[in-house]
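For the numbers below, each heavy atom of this structure counts, side chains included, while hydrogens, waters and symmetry mates do not.
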Amino acid sequence: MRPKTLLVKNAAVLVTMDDARRELRDAGLYIEDNRIVAVGPTATLPASADEIMDLRGHIVLPGLINTHHHMYQSLTRAVPAAQDVELFGWLETLYPIWARLTPEMIRVSALTAMAELILSGCTTSSDHLYLYPNGARLDDTIESATRIGLRFHASRGSMSVGRSAGGLPPDSLVENEASILRDTQRLIETHHDASRYAMQRIVVAPCSPFSVSRDLMRESAALARTHGVSLHTHLAENANDVAYSREKFNRTPAEYAEELGWVGRDVWHAHCVQLDDHGIDLFARTGTGVAHCPCSNMRLASGIAPICKMTKLGVSVGLGVDGSASNDSAHLLGEARQAMLLQRVGFGPAAMTARDALTLATRGGAAVLNRDDIGVLAPGMAADFIAFDLANPNFAGALHDPVAALVFCTPAQVALSVINGRIVARDGQLTTVDLPVIIEQHNQLAATLLNS
């Protein structure tokens with residue numbers, strides 16, 4: 001069967017993010033099915049295709065990649081009692097509310113979070129679901145990703161050490177470790193796609209040092225490596241997190257991770273705000289990745305992660321919006337802007353450029369997720385790309401450098417999003433779901449969750 005073809009032409013600027021970091025004027029893409037075949041000036045591309053998009057007046061770039069999220073938390077944004085506390089107090093406030101989550105709440109909250117991500121420029125996202133009350137399953141979020149059309153890395157999180165055993169979560173939210181491992185294996189065997197351009201992958205993801213045992217960390221790493229899937233957890237998020245590791249394990253977070261086999265190119269850790277120099281060197285040497293979540297880190301007063309030092313030493317760093325109850329937003333282009341601004345607050349006005357921030361959001365995220373088929377617009381890469389309309393008032397007066405304007409100016413919503421060769425947003429509207437209906441359902445469920 002002849003492949004379906006798509007021609008994108010006349011883009012004002014096309015940001016390739018390729019090894020040469022080319023930014024092409026009056027340029028476009030030629031796509032067959034879900035794969036980019038050609039990239040270049042419009043005059044060099046084929047003249048015909050099954051569908052032709054004229055993107056004059058738009059800037060085109062690779063789809064952005066979100067490396068850390070808790071999508072269910074979109075139901076508990078701005079909860080009054082959790083507005084002004086640090087990480088541990090924030091969790092202890094919200095755990096009892098999250099214990100009332102239902103499978104429907106998980107599905108609808110994931111759809112809402114994914115819609116917000118897609119409209120902000122995201123085409124690939126990880127999600128870390130680590131609690132499963134009332135029959136909820138990771139399959140609920142996978143179902144939502146398939147429905148909306150998002151490229152998805154579903155992380156099977158877990159908590160096994162409750163408060164009575166010295167952990168932070170209430171005992172009612174922890175699981176039996178044998179059951180966790182069985183369900184994780186089931187998910188890998190049922191849903192994981194290791195092929196190039198895969199839309200769905202499973203990640204093994206015990207929640208954090210303060211909610212799982214050493215044994216579960218070791219067994220999870222062994223299970224993941226038996227099946228060739230990635231590993232993910234939280235690490236060194238704030239000072240209390242570091243103090244817990246020193247008190248319980250007599251190790252720094254990085255030493256704890258190394259002891260349990262949680263370093264390597266198949267591993268990435270969320271936050272790492274308080275990662276010390278030894279930890280940064282360890283991550284650089286072993287290829288261990290970091291999901292940087294600047295908005296959440298500021299919201300919870302966790303500190304400023306030393307991202308510039310990490311990237312200078314060769315650590316793979318991507319961006320994450322984190323949970324929508326610790327960021328209260330899921331705008332990935334906005335996260336890139338905050339990453340740039342926060343590094344400047346901590347380390348000077350030249351610490352991170354706008355293009356550095358876009359690199360974290362594209363190539364950096366791909367490296368963290370251990371993928372070589374996304375994050376760049378080049379022949380042989382997945383057909384994941386986004387476009388922003390430069391006539392948007394957000395960009396007025398900034399067109400002398402539209403690439404930098406994406407990050408310096410007020411974060412815009414996409415005009416177009418194509419994921420795996422499929423148009424999922426056109427003219428700023430989702431094409432795969434009825435978003436107003438989903439938002440109405442989401443708000444009703446959020447009210448039920450908070451008031452039950």
Side-chain angles (χ1 to χ4, degrees), residues 1-65 118-119 121-124 149-151 195-199 333 355 358-359 361-363 366 371-392 395 398-406 412-432:
M1 182 181 294
R2 186 178 70 85
K4 181 182 178 183
T5 57
L6 170 65
L7 172 64
V8 173
K9 65 179 185 177
N10 300 328
V13 183
L14 188 142
V15 182
T16 65
M17 279 293 165
D18 62 11
D19 291 344
R21 298 298 197 276
R22 292 182 303 153
E23 297 173 4
L24 307 176
R25 302 278 171 161
D26 188 16
L29 307 165
Y30 186 75
I31 291 161
E32 293 182 352
D33 290 334
N34 64 344
R35 177 175 63 93
I36 297 172
V37 174
V39 179
T42 298
T44 69
L45 299 173
S48 63
D50 296 324
E51 182 166 0
I52 298 175
M53 293 184 175
D54 189 329
L55 290 183
R56 66 184 71 238
H58 290 70
I59 183 169
V60 174
L61 62 158
L64 309 184
I65 299 166
I118 289 170
L119 292 174
C122 179
T123 56
T124 299
L150 182 70
R151 197 180 298 277
S195 67
R196 189 169 181 82
Y197 313 127
M199 288 293 289
L333 186 60
R355 286 168 172 80
L358 289 175
T359 298
T362 53
R363 293 177 64 111
R371 296 194 67 143
D372 62 0
D373 55 353
I374 57 175
V376 174
L377 298 182
M381 301 298 283
D384 290 8
F385 66 93
I386 54 176
F388 293 90
D389 185 351
L390 292 174
N392 189 306
F395 302 132
L399 299 187
H400 30 266
D401 189 351
V403 180
L406 284 173
Q413 288 200 328
V414 294
L416 174 74
S417 176
V418 175
I419 304 176
N420 208 42
R422 177 189 186 192
I423 299 167
V424 298
R426 191 196 293 265
D427 299 325
Q429 302 295 317
L430 292 172
T431 63
T432 53

### Query
Just by modelled atom types, is the G380 backbone N or O under 3.5 Å from a matching donor or acceptor in the R196 side chain?
yes
### Query
Does the pair M17 and L377 meet the rule for a side chain to side chain contact (heavy atoms under 4.5 Å, CB included), with working shown?
CA-CA 7 Å; M17 279 293 165; L377 298 182; over 6 Å; no
### Task
Indicate yes or no for a side-chain donor-acceptor contact from D373 to the backbone of A382 under 3.5 Å, with no hydrogens or angles considered.
no
### Summary
Separation between CG (L406) and CZ (F395), nearest 0.5 Å, reads 5.0 Å
### Query
For I374 and T123, what are the C-alpha separation, side-chain angles and deciding distance, and is it a side chain to side chain contact (heavy atoms under 4.5 Å, CB included)?
CA-CA 9 Å; I374 57 175; T123 56; over 6 Å; no
### Task
Looking only at non-hydrogen atoms, find the nearest pair between A387 and L55 and report the distance.
CB-CD1, 4.0 Å
### Task
Using atom types as modelled and distance alone, determine if a side-chain donor or acceptor of T42 lies under 3.5 Å from a backbone N or O of D26.
yes
### Query
So which heavy atom on I423 is nearest to which on V418, and how close?
CG1-CG2, 4.0 Å
### Query
Can you tell me how far CD1 of I386 sits from CG of L64, rounded to the nearest 0.5 angstrom?
4.0 Å
### Query
Of the non-hydrogen atoms in L7 and S48, which two are nearest, and what is the gap between them?
CD2-N, 4.4 Å
Quiz: residues 30-39 side-chain donor-acceptor pairs under 3.5 angstrom, not counting sequence neighbours:
residue: E32; atom: OE1; partner: R35; partner atom: NH2; Å: 3.4
residue: D33; atom: OD1; partner: K4; partner atom: N; Å: 2.9
residue: N34; atom: ND2; partner: N420; partner atom: OD1; Å: 3.2

### Query
Got a donor-acceptor contact below 3.5 angstrom from the R22 side chain to the L14 backbone?
no
### Message
I need the minimum non-hydrogen distance between A405 and A398, along with the two atoms involved.
### Response
CB-CB, 3.7 Å
#### Entry: Under 3.5 Å donor-acceptor, R371 side chain and A198 backbone
yes
### Summary
Between V13 and P402, the two heavy atoms sitting closest are CG2-CG, 3.7 Å
### Query
Considering only heavy atoms from C-beta outward, does the side chain of R422 approach that of T431 to under 4.5 Å?
no
### Query
Taking only residues two or more places apart in sequence or in another chain, which ones pass side-chain hydrogen bond (donor to acceptor under 3.5 Å, both in side chains) with T16?
D18
### Task
Would you indicate whether the side-chain heavy atoms of L333 and L358 approach each other to under 4.5 Å?
yes
### Candidate pair R363 and D19, rule side chain to side chain contact (heavy atoms under 4.5 Å, CB included), full reasoning
CA-CA 10 Å; R363 293 177 64 111; D19 291 344; 3.0 Å; yes
### Task
Run the numbers on L416 and H58 for side chain to side chain contact (heavy atoms under 4.5 Å, CB included), then give the verdict.
CA-CA 10 Å; L416 174 74; H58 290 70; over 6 Å; no
### Message
Nearest 0.5 angstrom please: I419 CD1 to I118 CD1, how far?
### Response
4.5 Å
### Query
CZ/R151 to OG1/T124 distance, rounded to the nearest 0.5 angstrom?
5.0 Å
### Task
Can you sort out the partners of D50 under side-chain hydrogen bond (donor to acceptor under 3.5 Å, both in side chains), two or more places apart, ordered by chain and number?
R2, T5
## Note on the structure
Residues V414 and A425: closest non-hydrogen pair is CG2-CB, 4.4 Å
#### Entry: Heavy-atom side-chain contact between L61 and F385 under 4.5 Å
no
